Number of protein chains: 2
Amino acid sequence: MILVLRLGHRRKRDKRITTHCGLVARAFGADGIVLSGERDEKVLKTLRDVVKRWGGPFHVSYERNWKEFLKEKKREGFEIVHLTMYGLSFKERLKELRGEDLVVVVGSEKVPPALYEMADHNLAIGNQPHSEVAAIAVFLYELKGIKEDFEGWKVKVVPKERGKEVRRR
Amino acid sequence: MILVLRLGHRRKRDKRITTHCGLVARAFGADGIVLSGERDEKVLKTLRDVVKRWGGPFHVSYERNWKEFLKEKKREGFEIVHLTMYGLSFKERLKELRGEDLVVVVGSEKVPPALYEMADHNLAIGNQPHSEVAAIAVFLYELKGIKEDFEGWKVKVVPKERGKEVRRR
């Protein structure tokens with residue numbers, strides 16, 4: 001099981017970035033996203049609506065206390081992977097992480113120093129400034145690949161050379 | 001040469017997503033980003049400041065008329081790659097695109113239908129809704145990999161197991 005934990009959400013500033021984190025987590029094979037920081041019903045609803053239309057399973061939830069959440073997951077046997085531009089190259093750890101239960105953590109602007117200590121792995125998708133959305137995407141892309149099959153979808157794209165086609169049911 | 005073209009920027013709504021598109025383009029080896037839609041000096045400045053601090057070369061520019069821009073690039077021999085969830089799988093085209101001059105185009109909410117016609121390739125990084133930031137990241141990651149060496153940097157991360165360390169010069 002792979003969960004993505006998005007820390008430090010701010011309703012005003014992060015609405016779209018956090019939404020993209022959730023969509024990317026789902027599209028690249030995570031089992032769910034957990035939002036922390038300011039509780040934002042809009043983002044939770046947007047993500048749940050996507051699951052309803054485009055399929056799942058994909059779990060969307062909110063946790064006020066991310067430290068407690070991580071401690072609990074550790075007790076359950078999850079490894080905590082913190083994606084950060086300051087970490088070691090993710091590529092060298094991919095092999096040992098494959099098949100494990102993971103919580104993949106991304107922060108927003110300021111990451112609490114405690115996270116670096118709690119994480120079992122502080123890993124960089126390159127050491128340049130870029131994007132938590134891209135970090136989740138590339139990490140999961142290498143770990144799981146692009147997810148093709150979703151259950152209970154109402155809408156599905158029919159891939160085309162040009163233009164748009166969708167199947168509905 | 002690989003340029004990323006970000007279409008339809010809206011100052012209010014897209015500030016952070018467009019900034020992330022630019023940062024990701026740079027970190028994954030594109031030579032520049034071209035912004036279109038509403039002109040946004042703040043985003044241009046943010047991206048140029050990152051180049052000044054973290055190094056380049058990486059070109060940041062604005063084009064009001066994206067159609068003319070694409071026509072000109074086509075005349076210069078660039079292939080136009082439109083990343084869209086409605087397209088064909090990008091993996092099958094990677095081989096033929098490697099080594100070519102490319103303009104990689106991502107839209108925002110509504111993509112002008114003309115783009116599907118002008119593009120030489122309408123390619124999907126999976127056919128599920130996710131993020132233009134992630135699409136650029138995974139496409140460039142496969143095409144170019146993570147860029148490690150930048151010229152003229154003033155700040156650089158020293159990768160670490162825990163915590164943050166930067167070199168300055």
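Each chain gets a letter, A, B and so on, in the order the sequences are listed, and its residues count up from 1. Fair warning: this is a prediction, and the values are worked out from it, not measured in the lab.
The part of E165(A) that comes within reach of chain B is its backbone (N, CA, C, O), which places non-hydrogen atoms under 4.5 angstrom from that chain. Residue K156(A): no heavy atom, backbone or side chain, is found under 4.5 Å from chain B. Residue contact with chain A, scored on non-hydrogen atoms closer than 4.5 Å, is absent for P113(B). Only the side chain of V166(A) comes within less than 4.5 Å of a heavy atom of chain B; its backbone N, CA, C and O stay farther away.
To the nearest 0.5 Å, the span separating CZ on R16(B) from OG1 on T18(A) amounts to 8.0 Å. With rounding to the nearest 0.5 Å, the separation of NZ in K15(A) from CZ in R13(B) is 6.0 Å. Distance check, rounded to the nearest 0.5 Å: NE2 of H20(A) to CD of E132(B) gives 5.0 Å. Atom CD of E142(B) is separated from atom OH of Y141(A) by 3.5 Å, given to the nearest 0.5 angstrom. Expressed to the nearest 0.5 Å, how far CG of N127(A) lies from CH2 of W54(B) amounts to 8.5 Å. To the nearest 0.5 Å, atoms NE2 (H130(A)) and CD1 (I136(B)) are separated by 12.5 Å.
In this structure the side chain of L88(A) reaches within 4.5 angstrom of the side chain of E161(B), judged on heavy atoms.
Of all non-hydrogen atoms in A134(A) and F28(B), the two that sit nearest each other are CB-CE1, 4.5 Å. Between P129(B) and L23(A), the closest heavy-atom pair is O-CB, 3.8 Å.
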